[in-house]
Amino acid sequence: MKTERDTENGRRHGMERGSALGGAPWGRSPLNLRLGLAAFGLVASVALAVLSFAAGLPWLGVVMAVIAAVALADAVVVGRRVVRRRRRGEHHSLFE
């Protein structure tokens, strides 16, 4: 049942296509910041893995190597998204 607040295409008054509740624009993912954090996590976890193996704590070194692998995978995924955005002509700041 349609009310007087509904429009002919099913959207309520004040709601534009591509806008969130109340007419605010949808948030964008801060990919550049996420890429920087992934790079930091990769460097830090690799360094800690090397130090752990050198200190004779192989279990900790393995845990840190797994975390480094996850950070590397995240950096690759985010890097591909950044490249795809730039090819479309979208340029954003670091924090978007």
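The chain is numbered in sequence order, starting from 1.
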- [ ] Return yes when atom CZ of R88 has more than 12 non-hydrogen atoms of other residues, nucleotides or ligands closer than 6.0 Å, and no otherwise.
- [x] yes
Sequence neighbours left out, cut at 3.5 Å: what donor-acceptor pairs do the side chains of residues 54-63 make with other protein atoms?
none

Open item on the list: Give me the atom names and distance for the closest heavy-atom approach of D74 to A38.
Closed with: OD2-CB, 3.7 Å
- [ ] Scan R80, R84, R81 and name whichever one has a side chain to side chain contact (heavy atoms under 4.5 Å, CB included) with L31.
- [x] R81
- [ ] Only counting residues at least two apart or in another chain, list the ones meeting side chain to side chain contact (heavy atoms under 4.5 Å, CB included) with A68.
- [x] L42, S45, V46
